[in-house]
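Worksheet: the structure to be examined is printed underneath.
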Amino acid sequence: QVQLVESGGGLVQAGGSLRLSCVASGRTFSMYHMGWFRQAPGKEREFVAAITWSGGSLRYADSVKGRFTISRDITKNTLYLQMNSLKPEDTAVYYCAGYDGFILVADRSRYSDWGQGTQVTVSS
């Protein structure tokens, strides 16, 4: 059984930066793609970014392009999300997720494994 544990959330002022981490355990991770989603109060969970198991392909939501960077360290089974130029509208609970597959997708229904989430709050 896969376990995903996020960390790195917190309170930051607008324009600041945070780096989220997600440590994965419980299986081998070949062909296991991973992504970040977020959910603000009263809103649906939305796609933020995704990366293939090899790190060779990336996808981003338009709202974070140029500000957020997703990466992974296979040797550490760890996924990262570097968030720069944060805005108040980035405030949400951020979730790490993963799935087995051949293509990289943004559809949250395709992701089978989820972490517990980490809160990111951006003050204006």
Side-chain angles (χ1 to χ4, degrees):
Q1 183 176 357
V2 176
Q3 288 189 320
L4 303 176
V5 180
E6 304 99 331
S7 61
L11 173 63
V12 64
Q13 288 188 332
S17 299
L18 281 175
R19 189 175 82 154
L20 306 183
S21 299
C22 172
V23 178
S25 62
R27 55 162 283 176
T28 58
F29 292 97
S30 177
M31 298 305 291
Y32 189 75
H33 310 316
M34 299 187 73
W36 290 98
F37 291 75
R38 66 186 182 186
Q39 187 167 18
K43 295 187 177 182
E44 290 190 355
R45 193 170 298 187
E46 64 175 5
F47 171 76
V48 175
I51 186 169
T52 53
W53 71 277
S54 66
S57 182
L58 312 174
R59 288 187 67 171
Y60 293 96
D62 288 342
S63 59
V64 306
K65 280 181 181 177
R67 299 188 299 122
F68 290 10
T69 302
I70 189 170
S71 62
R72 68 190 297 176
D73 185 335
I74 295 177
T75 64
K76 297 180 179 179
N77 286 340
T78 302
L79 177 72
Y80 302 101
L81 185 68
Q82 178 66 44
M83 305 185 295
N84 299 329
S85 302
L86 282 161
K87 305 175 181 179
E89 50 264 44
D90 295 317
T91 295
V93 177
Y94 283 71
Y95 297 90
C96 166
Y99 69 100
D100 290 295
F102 293 99
I103 61 173
L104 196 60
V105 299
D107 181 355
R108 70 174 187 261
S109 69
R110 295 287 301 274
Y111 288 74
S112 56
D113 306 307
W114 294 84
Q116 82 289 350
T118 185
Q119 176 70 47
V120 171
T121 302
V122 184
S123 63
S124 57

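Residue numbers count from 1 along this sequence.
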Q: Among residues two or more places apart or on two chains, list those pairs meeting ring-ring contact (aromatic ring centres under 6.0 Å, His included) that have a residue in residues 74-98.
A: none
Q) Please, which pairs that meet ring-ring contact (aromatic ring centres under 6.0 Å, His included) have at least one residue in residues 60-79, sequence neighbours excluded? A) none
Q: Can you sort out the partners of Ser25 under side chain to side chain contact (heavy atoms under 4.5 Å, CB included), two or more places apart, ordered by chain and number?
A: Gln3
Q. Does a side-chain heavy-atom distance below 4.5 Å link Val120 with Leu18?
A. yes
Q: Can you tell me which residue pairs pass the salt bridge (Lys or Arg N to Asp or Glu O under 4.0 Å) test with a partner in residues 54-64, sequence neighbours excluded?
A: Asp62-Lys65
Q: With sequence neighbours left out, write down each residue that passes side-chain hydrogen bond (donor to acceptor under 3.5 Å, both in side chains) with Asp73, or none if nothing qualifies.
A: Thr75
Q) Taking a hydrophobic cluster as the set of Ile, Leu, Val, Met, Phe, Trp and Tyr residues connected by side-chain heavy atoms closer than 4.5 Å, whether directly or through intermediates, do Leu81 and Leu58 fall within one such cluster? A) yes
Q) Is any side-chain heavy atom of Arg108 closer than 4.5 Å to a side-chain heavy atom of Glu46? A) no
Q. Going from OG1 on Thr78 to CG on Leu20, what distance comes out if it is rounded to the nearest 0.5 angstrom?
A. 13.0 Å
Q.
Assigning hydrophobic clusters by single linkage (Ile, Leu, Val, Met, Phe, Trp, Tyr; side-chain heavy-atom cutoff under 4.5 Å), is Val105 placed with Ile51?
A. no
Q | All side chain to side chain contact (heavy atoms under 4.5 Å, CB included) counterparts of Ser123, not counting sequence neighbours | A | Leu11, Gln13
**Q.** Phe47 vs Asp107 side-chain heavy atoms within contact, under 4.5 Å
**A.** no
(Q) Taking the side chain as everything from C-beta on, heavy atoms only, tell me whether Val64 gets closer than 4.5 Å to Met83. (A) no
Q) Any side-chain heavy-atom pair from Arg38 and Arg45 closer than 4.5 angstrom? A) no
Q: Quick one: list whatever passes side chain to side chain contact (heavy atoms under 4.5 Å, CB included) with Gln119, sequence neighbours left out.
A: Thr91, Val93, Thr121
Q) Are Val23 and Leu4 close enough that some pair of their side-chain heavy atoms sits under 4.5 Å apart? A) no
Q) Which pairs with one or both residues in residues 12-32 pass salt bridge (Lys or Arg N to Asp or Glu O under 4.0 Å), sequence neighbours excluded? A) Arg27-Asp100
Q) What heavy-atom pair brings Ala14 and Ser124 nearest, and what distance separates the two atoms? A) CB-CA, 4.4 Å
Q: Start with the C-alpha distance between Gln82 and Ser17, add both sets of side-chain angles, then the distance that settles side chain to side chain contact (heavy atoms under 4.5 Å, CB included), and finish with yes or no.
A: CA-CA 8 Å; Gln82 178 66 44; Ser17 299; 4.0 Å; yes
(Q) Starting from Phe102, can I reach Tyr32 by hopping between I/L/V/M/F/W/Y residues whose side chains sit under 4.5 Å apart? (A) no
Q | Residue pair Arg72 / Met34, side-chain heavy-atom distance below 4.5 Å | A | yes
(Q) Suppose we screen for ring pair (Phe, Tyr, Trp, His ring centres under 6.0 Å). Which residues come up paired with Tyr111, at least two apart in sequence or across chains? (A) Phe37, Tyr99
**Q.** Rounded distance [0.5 Å steps], OG in Ser63 versus CG in Asp90
**A.** 7.0 Å
Q) Do other residues, nucleotides or ligands put more than 12 heavy atoms under 6.0 Å from Arg67 CZ? A) yes
(Q) Filter on salt bridge (Lys or Arg N to Asp or Glu O under 4.0 Å), then keep only pairs touching residues 113-124, sequence neighbours left out; what's left? (A) none
Q. For Ser7, what residues pass the side chain to side chain contact (heavy atoms under 4.5 Å, CB included) criterion, not counting sequence neighbours?
A. Ser21
Q: Sequence neighbours left out, what pairs pass disulfide (SG to SG under 2.5 Å) with at least one residue falling in residues 4-97?
A: Cys22-Cys96
